[in-house]
Amino acid sequence: MDQTAFIINTLLPALWGGLVVTLGLIAFTAPFGVLIGAGVAVGRVYGSRPVQYLARAYVTFFKGTPLLLLLFILYFGLPSIGISLSPFVASVLGFIFCNSAYDSEYIRGSIRSIKEGQFTAGLALGMARTQVIRYVILPQALRRSIPGLVNEFVYLIKYSSLAYMVTVVELTGAGKMIATRYFTYNETFLVVGLVYLFLVTITTIGAHLLERRVAIPG
Amino acid sequence: MDLAALLIDWLPFLATGVLLTLGLVIAALGVGFIIGLPAAIGQVYGSRQVRAVINIYVWFFRGLPLLVLLFLFYFGIFPLLGLGGVSPFLVGAFVLGLHGGAYQAEIFRGALLSIGEGQMTAARSLGMSRTQAIRHVILPQALLIALPGWSNEYPTVLTDTSVCYAIGVTELLTRASVIVSTEYIAMPIYLVCAGIYLVLNYVGIKGLHMLEKRVSVPGFESGSD
Amino acid sequence: MTTDDTILRVEGLAKSFGTTEVLKEVSFTVRKGETKVFIGPSGTGKSTLLRCINQLIVPDAGRVYLHGEEVTHAGARINHYRAKIGMVFQNFNLFDHLTAIRNVEIALLKVKGMKEDEAREKALFELRRVGMEDRADHYPAQLSGGQAQRVSIARALAMDPDVMLFDEPTSALDPELTGEVLEVIRGLARAGMTMLIVTHEMRFALSIADELLFMEHGTILERGAPGDLATSPTFERTRQFTGRFADL
């Protein structure tokens, strides 16, 4: 088959390079997303009034601004005030802002769901507030946030495709270039879509395994 | 040049962008509802085959990036069907609707499943057919239960519409980009654009909360806000 | 054999869930105006029996006749028979999105095809009968358990059923609320309603039953008039069972 030959000989090799970039975008984003998300969540729950206000503004801004616009600001906008970022860095930054804002909402919910007694018990042992947060509250909250964080990770896999709009040739971009050159939009984007479906599906399965591993009785 | 004066010059241009963005939002929520509700009913009450087809639809449209879906439909499927002449706006609205339908199906399915068995049993005991019971007893309750979750789709859909930039829909973000490349000032324009999205977000959420209050029924109070 | 005033005839009903036989060959006849009360330990098939009568559970074997017409395997016609067999549930199962009066109206409108004002009038009449007309515009979430159950009785009555099935109508109620519901059911008995009642309220059962049926392990073990309970030798097992209740 002509089509099969095209997919195997031309499309898949080209997509491979794109896939590596996509995975790179995700790998650089996700850890910082969770880290900053946890920080923002802690700020919103335990921070002083100004910190709470700032953390809330952070979430409102990055959840309410379209990610694509955010990428434009970082890539096309920042040079006008003297900051030039590579497309890849601009994309990762944008993803981190967006990802952390959503992650922080899940983590905040989990923190609030932890019983007051946990905090009191920590203080009673002589821990400082920050120590209680770090060693008692956050470990529990992060575990409880796993389903939400996985959800956001799946979103990240999908919206990493927007990096193409600021010229990063990741999976979608690689596909777009092949599709345009060979005029094979249907085949190409179906295959690209299947790759994303594969990533999303293994993430979901992996998450179930992870959840079981870190589960704590009760 | 003064930013305010410049913005006033471009105001009608941007305003049209806002209208198109809102058009996409309404289409996405509306088409999504028209697809998502029956899809959820099919998932819960349908035959094995119906369920299988709907599950594939939901899996596919939730698993693919919106950008890839837009490219697939705009450059691939529509031309393949001889609909290459359809405007980017309509393709965008259609794809956002299919995409939103998959997400809404999940919301409505959850609501349908949360309704106790006894409601169906009681309806059947009064002589209602299965269809009548679903229509008059199950669905009205499912809609009340689903409303808060459905409202939460609005901010997501609003930001999603900007991806239609990629297929040349002249919505808000596209128009902001046109101004940027015409006037050679980037940051202020982008920030104004972000401000408009935030306002649309805020106003929409407020409106939906008002709707939730208006249709609220004792026993179905939503826990949102 | 069927006499003229027989309303309901149940012949050899059997039902298994998996390997558990819940009903084994249960048969009885119900005459017009008669009140049959089913008693016995929990999980002995009493609720399943009621649900098999209106086919909410499809029995494995046996037949049910309403006015001599077979209800079992009625296909789509089952809705026609269910409309004539009122049912009241342990958990009320009021439609949570509708006010009390809308709960009573909805089947009148959708099943009987009544006009709006006709249905409203009928619904008000039935709510008055159970003493709930002043709560007509309340939603189920705004009613006490006893009030909700009275509305659900009105909902079933509004269909002008030939027979009413009560499936433990007071089991989900706080003790102080059972009285109002039992009083409504007593009123129905006085008015000549034909009823099958599953209950654990022994004093109520004895006072209202024309016939008491003691069920155990999916069969009717003993049956007879409540008056025979103290004396009849056939009521041995029933006496043991009821003896455990303090109010006897």
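Throughout, protein chains are lettered first and strands after them, A, B, ... in sequence-line order, and every chain is numbered starting at 1.
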Looking at chain A, which one of [options] has the largest number of heavy-atom pairs inside 4.5 Å, strictly under?
{"options": "B:Asn201, B:Ile189, B:Leu200, B:Leu198", "answer": "B:Leu198"}
{"options": "B:Pro65, B:Ala186, B:Pro155, B:Gly76", "answer": "B:Pro65"}
{"options": "B:Tyr202, B:Tyr197, B:Tyr190", "answer": "B:Tyr190"}
{"options": "B:Phe73, B:Tyr184, B:Phe60, B:Tyr103", "answer": "B:Tyr103"}
{"options": "B:Leu72, B:Leu80, B:Ile196", "answer": "B:Leu72"}

Contact part of [X] toward chain B, heavy-atom cut-off under 4.5 Å: side chain, backbone, both or neither?
{"X": "A:Lys176", "value": "side chain"}
{"X": "A:Thr65", "value": "both"}
{"X": "A:Thr204", "value": "neither"}
{"X": "A:Tyr155", "value": "side chain"}
{"X": "A:Leu190", "value": "both"}
{"X": "A:Tyr159", "value": "neither"}
{"X": "A:Leu70", "value": "neither"}

I need the minimum non-hydrogen distance between [X] and [Y], along with the two atoms involved.
{"X": "A:Val168", "Y": "A:Phe88", "value": "CG2-N, 3.7 Å"}
{"X": "B:Thr156", "Y": "B:Asn152", "value": "OG1-O, 3.5 Å"}
{"X": "B:Glu212", "Y": "B:Pro148", "value": "OE2-CA, 3.8 Å"}
{"X": "A:Ala30", "Y": "A:Phe153", "value": "CB-CE1, 3.7 Å"}

Parallel, tilted or perpendicular, judged at 30° and 60°: which one describes the rings of A:Phe97 and A:Tyr58?
perpendicular
Students often mix this up, so state it plainly: with edges at 30° and 60°, are the rings of B:Phe75 and B:Phe71 parallel, tilted or perpendicular?
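The rings of B:Phe75 and B:Phe71 sit tilted, inter-plane angle from 30° to 60°.
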Which one, A:Tyr164, A:Tyr196, A:Phe72, leads in non-hydrogen pairs under 4.5 Å with chain B?
A:Phe72
With chain B, which of A:Thr172, A:Leu69, A:Val200 has the greatest number of heavy-atom pairs at distances under 4.5 Å?
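Option with the greatest count: A:Leu69.
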Whether the A:Thr188 and A:Thr184 side chains hold a donor-acceptor pair (N or O, under 3.5 Å, no angle test) is what I'd like checked.
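A pair is found: one side chain offers a donor N or O, the other an acceptor, under 3.5 Å apart.
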Check step by step if ring-ring contact (aromatic ring centres under 6.0 Å, His included) holds for B:Phe108 and B:Phe33.
CA-CA 9 Å; B:Phe108 291 125; B:Phe33 181 81; 5.6 Å; yes
Contact class of B:Thr161 relative to chain A, heavy atoms under 4.5 angstrom:
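Neither the backbone nor the side chain of B:Thr161 comes within 4.5 Å of chain A.
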With a 4.5 angstrom heavy-atom cut-off, is it the side chain or the backbone of B:Leu173 that approaches chain A, or both, or neither?
side chain
Given the rule in the ring-ring contact (aromatic ring centres under 6.0 Å, His included) test, do B:Tyr57 and B:Phe61 qualify, once you have shown the distances and angles that lead to the verdict?
CA-CA 6 Å; B:Tyr57 157 72; B:Phe61 280 91; 5.2 Å; yes
Name the residue from A:Arg112, A:Arg56, A:Arg44 that meets the salt bridge (Lys or Arg N to Asp or Glu O under 4.0 Å) definition with A:Glu105.
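When A:Arg112, A:Arg56, A:Arg44 are each tested with A:Glu105, the salt bridge (Lys or Arg N to Asp or Glu O under 4.0 Å) holds only for A:Arg44.
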